[in-house]
Amino acid sequence: MSAKVHILLIEDEKSSCAYIATLLARDGYQITSATTGKEGLSLAASRCPNLVLLDLGLPDMDGFQVLEQLRGWSHVPIIIVSACNEEQEKVKALDSGADDYVTKPFYPNELTARIRTALRHSRSGAPSQIYRALNLEINFDRRSIHLNGVQIHLTQIEYQLLTLLAENAGRVLTYNAILRHIWGPYAEENNQILRVNMANIRRKIEKNPAQPQYVFTEVGVGYRIRENENG
């Protein structure tokens, strides 16, 4: 990993800050640390990091305020790293512009994998023309889906849902974000129609829908599709 990849860590707990910084430095990332929201915002503006890791429990201001202010002028990938495991907090963070949410404590490989996904997505600018993972292939240009080389037929809504997830492979999309994207800004916040369509998709692409290999549920938050192996 190139040392030119610069990560800003906004974290007030010294032990967590030291642990994360050591973990990421070992992988070749350049780390800048801030212990307050104001310091983090100042460093984000002056250092222009490639990615921000943001704790929500900061001593001087609410982490959501930091997220909101960053999103007011920057598209930098932001991953929330927080001890809070509340579903509402995760949904609020993702709907407010965070790219991902990692709950403490976490496995080291989990955090670095989420970082790689967020960086890859930000660099691509546009989704790959082909999504490929295990035996599933989606060709966006041809609007075709193949599983084990056999074409899969989806309804229009099912296709839109699956391709939306594939275009954001590796990232969690909240229920509300999906509903707004597929059914419009005035869609009712009723997950039933979404759950029905996702169940239909799983029946068509998963060997065992109860143990999915492709589309995963983040309970109470949303859905994530397996990371794109096509780059």
Side-chain angles (χ1 to χ4, degrees), residues 1-37 39-58 63 66-67 70-71 74-85 89-90 93-94 96-128 130-134 165-173 213-214 216 218 221-231:
M1 177 61 65
S2 170
K4 292 181 180 179
V5 176
H6 179 202
I7 294 177
L8 172 60
L9 171 61
I10 307 176
E11 166 67 74
D12 68 312
E13 291 184 6
K14 291 183 179 180
S15 58
S16 291
C17 189
Y19 171 71
I20 295 173
T22 301
L23 170 68
L24 299 182
R26 186 183 66 194
D27 279 1
Y29 293 105
Q30 177 187 344
I31 310 300
T32 298
S33 299
T35 57
T36 67
E39 183 186 11
L41 288 168
S42 176
L43 288 171
S46 62
R47 302 288 184 88
C48 297
N50 300 106
L51 182 139
V52 174
L53 296 177
L54 173 63
D55 183 22
L56 293 177
L58 299 172
V66 178
L67 174 60
L70 280 173
R71 275 292 167 259
S74 174
H75 295 291
V76 65
I78 301 172
I79 298 178
I80 303 299
V81 183
S82 174
C84 181
N85 196 29
E89 292 288 285
K90 293 181 180 181
L94 292 166
S96 297
D99 293 79
D100 210 340
Y101 193 114
V102 177
T103 305
K104 302 176 189 175
F106 52 80
Y107 292 106
N109 290 342
E110 177 188 7
L111 179 61
T112 53
R114 301 287 185 90
I115 288 172
R116 288 194 300 271
T117 296
L119 288 170
R120 188 180 303 115
H121 195 267
S122 69
R123 286 169 179 157
S124 66
S128 170
I130 294 178
Y131 168 88
R132 186 178 292 115
L134 300 178
L165 290 172
E167 287 169 353
N168 294 275
R171 301 172 63 194
V172 178
L173 296 184
Q213 293 180 294
Y214 299 107
F216 307 101
E218 296 280 343
V221 179
Y223 295 101
R224 179 201 304 269
I225 199 171
R226 194 182 194 97
E227 194 168 338
N228 192 353
E229 298 168 3
N230 204 47

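Just so it is clear, the structure is predicted and the values come from calculations on it, not from any experiment.
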With sequence neighbours left out, the residues meeting side chain to side chain donor-acceptor pair (under 3.5 Å) with Glu110 are Arg114

Find the distance between CD1 (Ile78) and OG (Ser96) and round it off to the nearest 0.5 Å.
10.0 Å

Output all residues satisfying side chain to side chain contact (heavy atoms under 4.5 Å, CB included) with Ala169, sequence neighbours left out; order by chain, then residue number.
Tyr131, Ile225, Asn228

Could you tell me whether a side-chain N or O of Arg71 sits under 3.5 Å from a main-chain N or O of Gly97, the two making a donor and an acceptor?
yes

Taking only residues two or more places apart in sequence or in another chain, which ones pass side chain to side chain contact (heavy atoms under 4.5 Å, CB included) with Asn85?
Lys90, Thr103

Does any part of the side chain of Pro105, heavy atoms only, come nearer than 4.5 Å to the side chain of Tyr19, both counted from C-beta?
no

Of the non-hydrogen atoms in Tyr214 and Ala133, which two are nearest, and what is the gap between them?
CE2-O, 3.2 Å

Give the C-alpha distance, both sets of side-chain angles, the deciding distance and a yes or no for side chain to side chain contact (heavy atoms under 4.5 Å, CB included) between Thr36 and Leu58.
CA-CA 6 Å; Thr36 67; Leu58 299 172; over 6 Å; no

Might you work through the side chain to side chain contact (heavy atoms under 4.5 Å, CB included) test for Leu56 and Glu89, ending with a clear yes or no?
CA-CA 10 Å; Leu56 293 177; Glu89 292 288 285; 4.3 Å; yes

Value rounded to 0.5 Å, distance of CD1 in Ile31 from CD1 in Ile7
4.5 Å

Test side chain to side chain contact (heavy atoms under 4.5 Å, CB included) applied to Ile115 and Leu24, Asp100, Val102, Asp99, the passing residue:
Leu24

Quick one: does Val52's side chain get under 4.5 Å of Ile79's, heavy atoms only?
no

Evaluate the side chain to side chain contact (heavy atoms under 4.5 Å, CB included) criterion for residues Phe106 and Ile20: first the C-alpha distance (whole Å), next the side-chain angles of each, then the deciding distance (0.1 Å), finally the verdict.
CA-CA 11 Å; Phe106 52 80; Ile20 295 173; 4.0 Å; yes

Listed partners of Ser16 passing side chain to side chain contact (heavy atoms under 4.5 Å, CB included), at least two apart
Glu11, Glu13, Lys104

Pairwise distance CD1(Ile10) to CG(Leu43) - rounded to 0.5 angstrom
8.0 Å

Apply the test side chain to side chain contact (heavy atoms under 4.5 Å, CB included) to residues Val172 and Leu94: give CA-CA distance (whole Å), side-chain angles for both, the deciding distance (0.1 Å), then the verdict.
CA-CA 8 Å; Val172 178; Leu94 292 166; 3.8 Å; yes

Is a donor on one side and an acceptor on the other found under 3.5 Å between the side chain of Arg226 and the backbone of Gly170?
no

Interatomic distance, CG@Leu9 vs OG@Ser33, rounded to 0.5 Å, equals 4.5 Å

When you compare the side chain of Tyr29 with that of Leu23, does any pair of heavy atoms fall below 4.5 Å?
no

From Leu41, Leu51, Leu70, Thr32, residue fulfilling side chain to side chain contact (heavy atoms under 4.5 Å, CB included) relative to Leu8
Thr32

Among residues at least two apart in sequence or on other chains, which ones pass side chain to side chain contact (heavy atoms under 4.5 Å, CB included) with Thr117?
Arg120, Arg171, Glu227

Is the shortest side-chain heavy-atom distance between Val81 and Leu54 below 4.5 Å?
no

By ring-ring contact (aromatic ring centres under 6.0 Å, His included), which residues pair with Tyr223, not counting sequence neighbours?
Tyr175

Non-hydrogen atoms of Ala44 and Pro49 that approach each other most closely
O-CD, 3.5 Å

Just by modelled atom types, is the Glu229 backbone N or O under 3.5 Å from a matching donor or acceptor in the Arg132 side chain?
no

